[in-house]
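Input: a single structure, listed below in structure tokens.
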There are 4 protein chains.
Amino acid sequence: MLTGGYNEQRVIIHMRYKEPGKETAILHAAIKVFAEQGYHKAQISRIAEHAGVATGTVYLYFGNKRDILLKIFGEMWAVVAKQWAAIANDTGLTAEGRLDALIDVVFDVCAPQPELAILLANEHSLLLHNHREIFPKEYDQALEIAQKIIIDGVTKGVFDKDADLTFLRHFIIGGMREALHQWSINPKEIQLGDIRRHAKRTLKHGILSH
Amino acid sequence: MLTGGYNEQRVIIHMRYKEPGKETAILHAAIKVFAEQGYHKAQISRIAEHAGVATGTVYLYFGNKRDILLKIFGEMWAVVAKQWAAIANDTGLTAEGRLDALIDVVFDVCAPQPELAILLANEHSLLLHNHREIFPKEYDQALEIAQKIIIDGVTKGVFDKDADLTFLRHFIIGGMREALHQWSINPKEIQLGDIRRHAKRTLKHGILSH
Amino acid sequence: MLTGGYNEQRVIIHMRYKEPGKETAILHAAIKVFAEQGYHKAQISRIAEHAGVATGTVYLYFGNKRDILLKIFGEMWAVVAKQWAAIANDTGLTAEGRLDALIDVVFDVCAPQPELAILLANEHSLLLHNHREIFPKEYDQALEIAQKIIIDGVTKGVFDKDADLTFLRHFIIGGMREALHQWSINPKEIQLGDIRRHAKRTLKHGILSH
Amino acid sequence: MLTGGYNEQRVIIHMRYKEPGKETAILHAAIKVFAEQGYHKAQISRIAEHAGVATGTVYLYFGNKRDILLKIFGEMWAVVAKQWAAIANDTGLTAEGRLDALIDVVFDVCAPQPELAILLANEHSLLLHNHREIFPKEYDQALEIAQKIIIDGVTKGVFDKDADLTFLRHFIIGGMREALHQWSINPKEIQLGDIRRHAKRTLKHGILSH
DNA sequence: CATGAATGAGATTTCATTCAT
DNA sequence: AATGAATGAAATCTCATTCAT
């Protein structure tokens with residue numbers, strides 16, 4: 001998602017022209033520093049240092065500190081929303097398969113950068129709470145797609161008809177956020193595959209044995 | 001929870017002692033201000049104003065800003081741990097009944113002050129992440145008790161034996177935190193009882209119809 | 001004008017309560033530093049240093065840097081407007097006497113602090129130009145009173161009926177500003193009394209001999 | 001005034017030389033931007049934009065921001081000094097005619113670009129005050145010529161022998177600066193010819209009727 | 001104990017200036 | 001000569017904390 005891809009080559013050709021690679025570098029550095037220190041204690045100068053640019057350069061690419069965080073979440077939810085949309089439109093999937101796929105997407109987005117999961121756990125709620133009006137619309141789009149998938153499952157009788165949509169989507173987001181957070185703190189000791197499996201199981205069948 | 005309780009008497013006996021009513025007032029004010037503005041943007045002077053005391057007075061009861069937040073979570077988790085312990089020791093309950101009761105406790109703690117749920121959603125993770133070493137031990141105690149209850153349920157064959165404890169406790173905490181957060185934003189429109197019911201249902205049976 | 005007067009005594013009694021003397025000290029320091037370095041190059045920290053307070057203290061008394069300059073001009077023009085009003089209402093004066101008195105007031109205001117004349121010359125125009133909407137209303141009041149006095153003089157046939165009011169008031173302000181500025185640069189070598197006399201003479205009779 | 005004049009030819013002969021048209025464009029842009037925003041708030045990048053060149057190009061023609069302002073005033077006063085010198089040497093003029101001519105020159109210089117009058121009012125004093133040592137010598141030359149003209153008028157008995165030269169030259173400059181400033185703010189509503197006439201009248205005969 | 005004026009360290013942000021292309 | 005992305009020094013303003021009264 002946040003990688004520069006083919007643009008890296010352009011850098012070699014035009015070193016003095018605004019490089020897309022630099023915006024990416026700053027975003028990656030910001031994810032790391034925000035995750036380590038928390039958004040408020042994180043200093044722009046440290047982000048710049050990690051990105052290998054000067055402090056002022058950050059302001060060539062982002063209006064202010066908050067915009068960096070908004071951009072991070074914006075890009076993340078854009079990826080999620082896009083993939084969730086593909087799942088919703090995939091007629092080859094059962095309702096249950098769609099639910100599994102939904103969960104996989106979230107895990108896949110965080111897998112390459114555990115720090116993103118920390119941000120999700122630590123800063124997402126607060127930013128949403130304080131700046132709902134400017135929060136990336138991609139987040140709402142993602143929630144809507146998820147809701148559609150659940151409704152479809154209920155209609156088809158696969159999901160329990162008593163399931164409350166508003167509750168569920170927040171419960172799922174919250175539960176997975178916390179689980180991912182635990183993993184991100186020590187990604188090597190906890191197997192992401194295990195969490196993934198547990199998440200699906202618990203969401204689908206609950207904790208009671210049957 | 002956060003009231004001074006029996007301490008009120010101390011005031012009468014020794015007028016020179018710190019007035020417990022003020023500590024409580026400051027804690028209540030802090031919950032409100034922290035929830036409204038977020039921990040970092042909240043100003044001590046505003047907390048003092050809401051509590052009806054002078055800025056300096058806050059520092060007679062708390063060492064610094066962070067201690068206030070730690071105290072809030074400490075008191076909250078102490079109440080939860082205490083009641084969860086009672087549930088764990090209540091031999092008259094089934095495993096499933098205990099799970100229901102666990103959930104009820106969390107809701108009951110947040111019910112009188114929706115702002116507490118906002119704090120739980122917005123600041124708990126970050127504080128835990130940055131200051132695990134000084135985070136109130138009551139939180140760990142509560143988690144341990146919950147774990148015990150779940151193990152007991154698994155042993156008795158009521159809870160699925162594949163349920164992962166570490167995962168579950170975080171998943172439950174996270175899911176409920178987010179659900180409570182939604183409610184706290186608009187406590188009048190959403191019925192707490194509904195969320196409570198959905199939470200229990202989902203946790204126990206999952207989202208698939210059976 | 002900007003002196004603390006009797007308030008100095010209160011300082012001795014309540015050293016820790018917001019002293020009016022401090023606001024005055026900051027204003028005096030600001031006049032000095034603004035005059036020396038120019039408004040934009042002047043640092044708040046240097047003003048604080050000159051005033052014998054900490055940097056943050058400046059912000060207890062003034063919202064921001066610009067407010068300090070606005071307050072300086074506001075107080076200055078308030079004094080001028082008040083004394084000009086007294087002159088306008090003094091029925092014992094001839095029109096010519098009023099003109100003389102007008103000029104004397106401006107000189108008297110600047111006499112105790114030559115730096116004020118430097119500010120008048122260097123920063124007044126720019127501030128007025130950039131922030132006409134928030135510029136102290138006392139300035140406009142003063143101009144209106146001056147205009148009234150001139151109209152009266154014209155009506156009585158003492159002042160030339162061809163004199164243009166708008167032009168005159170700006171011409172007078174500008175001319176005196178520049179003259180005061182020259183004096184303020186080296187107050188000891190140039191006699192203020194001389195400038196005062198020349199200003200009156202030139203304004204009244206012009207430069208041609210008669 | 002600020003046009004390249006004969007330099008245009010250089011361009012044709014040696015294409016490699018700096019294009020005089022660009023220096024002129026930058027100066028014109030600077031007058032506009034400095035007048036609009038004030039010297040300190042004006043950004044080089046904005047001046048470059050108005051001039052139709054890149055930011056870095058500005059530094060090919062001027063050492064730094066301050067040099068641009070110095071150059072503007074230098075060119076302006078060079079024109080004034082040159083024309084004032086011609087007036088001083090014109091034996092066909094009376095002393096009074098010379099005074100009129102002096103004033104006309106200042107108005108003629110500002111007439112084509114009202115923004116120059118704004119700069120004169122807002123930035124001239126401050127720059128002179130802070131950088132007397134590097135201020136364009138053309139300004140001093142102009143003042144000296146004016147002084148000579150006045151002395152001549154006094155000698156011939158046309159100007160009042162009590163007129164103080166130092167005072168007068170500053171008073172006149174200041175008065176006219178302010179008057180021009182008023183005009184420049186709204187050049188269409190106020191007739192420059194009117195101000196010109198009033199300025200001459202007031203300076204010569206004063207405000208008293210005779 | 002209570003007060004609240006005073007403190008001053010610290011961080012974001014701006015923008016004149018540079019320099020590789 | 002021209003470009004404009006990059007630089008990084010510098011300064012305003014905030015606010016947790018202190019402490020004299």
Side-chain angles (χ1 to χ4, degrees), chain A residues 12-19 22 40-49 52-66 68, chain B residues 11 14-19 22 40-49 52-68, chain C residues 13-19 22 40-49 52-68, chain D residues 11 14-19 22 40-49 52-68:
Chain A
I12 297 161
I13 303 168
H14 297 295
M15 281 296 280
R16 296 295 300 182
Y17 293 103
K18 214 168 171 179
E19 321 165 23
K22 244 164 216 182
H40 272 98
K41 286 204 175 169
Q43 294 164 234
I44 295 289
S45 59
R46 188 177 266 259
I47 293 174
E49 201 180 17
V53 300
T55 303
T57 304
V58 174
Y59 288 86
L60 283 180
Y61 295 89
F62 302 94
N64 54 45
K65 193 181 175 182
R66 205 189 54 195
I68 304 176
Chain B
V11 179
H14 299 292
M15 285 297 281
R16 283 302 181 108
Y17 282 176
K18 287 190 287 188
E19 220 184 309
K22 277 189 184 169
H40 270 98
K41 286 203 175 170
Q43 293 165 233
I44 295 288
S45 59
R46 187 177 267 256
I47 293 173
E49 199 181 19
V53 300
T55 304
T57 304
V58 173
Y59 287 85
L60 293 175
Y61 294 90
F62 301 93
N64 54 45
K65 190 180 179 183
R66 206 189 53 198
D67 282 355
I68 305 176
Chain C
I13 303 169
H14 299 295
M15 281 297 280
R16 294 297 297 184
Y17 293 103
K18 213 169 170 179
E19 320 164 24
K22 244 163 216 181
H40 272 99
K41 288 205 174 169
Q43 294 166 233
I44 295 288
S45 59
R46 186 176 268 258
I47 292 173
E49 202 180 18
V53 299
T55 303
T57 304
V58 174
Y59 289 87
L60 283 180
Y61 294 90
F62 302 93
N64 52 46
K65 193 181 175 181
R66 205 189 54 194
D67 282 355
I68 304 176
Chain D
V11 179
H14 300 292
M15 285 296 280
R16 283 301 181 111
Y17 281 0
K18 287 190 288 188
E19 220 185 307
K22 276 188 186 171
H40 271 97
K41 288 203 175 169
Q43 292 164 233
I44 295 287
S45 59
R46 187 177 268 256
I47 292 173
E49 199 181 19
V53 299
T55 304
T57 305
V58 174
Y59 287 86
L60 293 175
Y61 294 89
F62 301 94
N64 54 44
K65 191 180 178 183
R66 206 190 52 197
D67 283 354
I68 305 177

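The basis for the numbers below is simple: all heavy atoms, side chains too, and nothing from hydrogens, waters or symmetry mates. Protein chains get the first letters and strands the later ones, always in sequence-line order, with residue 1 at the start of each.
- Following rounding to the nearest Å, D:R46 (CZ) and E:dA16 (P) show an atom-to-atom distance of 12 Å.
- Closest to the A:I44 side chain, of the nucleotides E:dT13, F:dA5, E:dA16, is E:dT13.
- Comparing C:V58 and A:H40 along DNA chain E, the residue whose closest nucleotide (by nearest heavy atom) sits nearer the 5' end is C:V58.
- With a 4.5 Å cut-off on side-chain heavy atoms, A:I68 and A:V58 count as touching.
- Rounded to whole Å, atom P of E:dA6 lies 12 Å from atom CZ of C:F62.
- With sequence neighbours excluded, the residues satisfying side-chain contact (heavy atoms from CB on, under 4.5 Å) with A:E49 are A:R46.
- Taking atom CD of A:E49 as the reference point, atom P of F:dT7 lies 13 Å away to the nearest angstrom.
- Atom P of nucleotide F:dA16 and atom NZ of B:K41 are separated by 13 Å, given to the nearest angstrom.
- The NZ atom of D:K65 sits 8.0 Å away from the CD atom of D:Q43 when rounded to the nearest 0.5 Å.
- Across F:dT18, F:dT12, F:dA1, the shortest atom-to-atom separation from the side chain of D:L60 is found for F:dA1.
- Side chain of D:K65, nearest nucleotide from F:dA5, F:dA1, E:dT17: E:dT17.
- F:dA11 atom C1' lies 17 Å from atom CZ of C:R66, rounded to whole Å.
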What pattern of brackets, bars and dots sums up DNA chain E from 5' to 3', given Watson-Crick or G-U wobble pairs under 3.5 Å, [ ] for crossing pairs and | for another strand?
.||||||||||||||||||||

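- Closest to the side chain of C:Y59, from the set F:dT12, E:dT17, E:dT14, is F:dT12.
- When all heavy atoms of A:I44 and A:Y59 are compared, the closest pair comes out as CG1-OH, 3.6 Å.
- Regarding C:K22, its NZ atom lies at a distance of 11 Å from the P atom of E:dA5, rounded to whole Å.
- Nearest-nucleotide mapping onto DNA chain E: of B:G52 and A:G63, the residue sitting toward the 5' end is B:G52.
- Contacts of C:A42 with the nucleic acid, taken as non-hydrogen atoms under 4.0 Å apart, involve only primed sugar atoms and P, OP1 or OP2.
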What pairs of nitrogen or oxygen atoms, one from the protein and one from nucleotides 8-10 of chain F, lie under 3.5 Å apart?
{"unit_1": "F:dG8", "atom_1": "N7", "unit_2": "A:G56", "atom_2": "N", "d": "3.1"}

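- Residue-to-nucleotide proximity on DNA chain F shows that, of C:S45 and B:N64, the 5′-proximal contact is made by C:S45.
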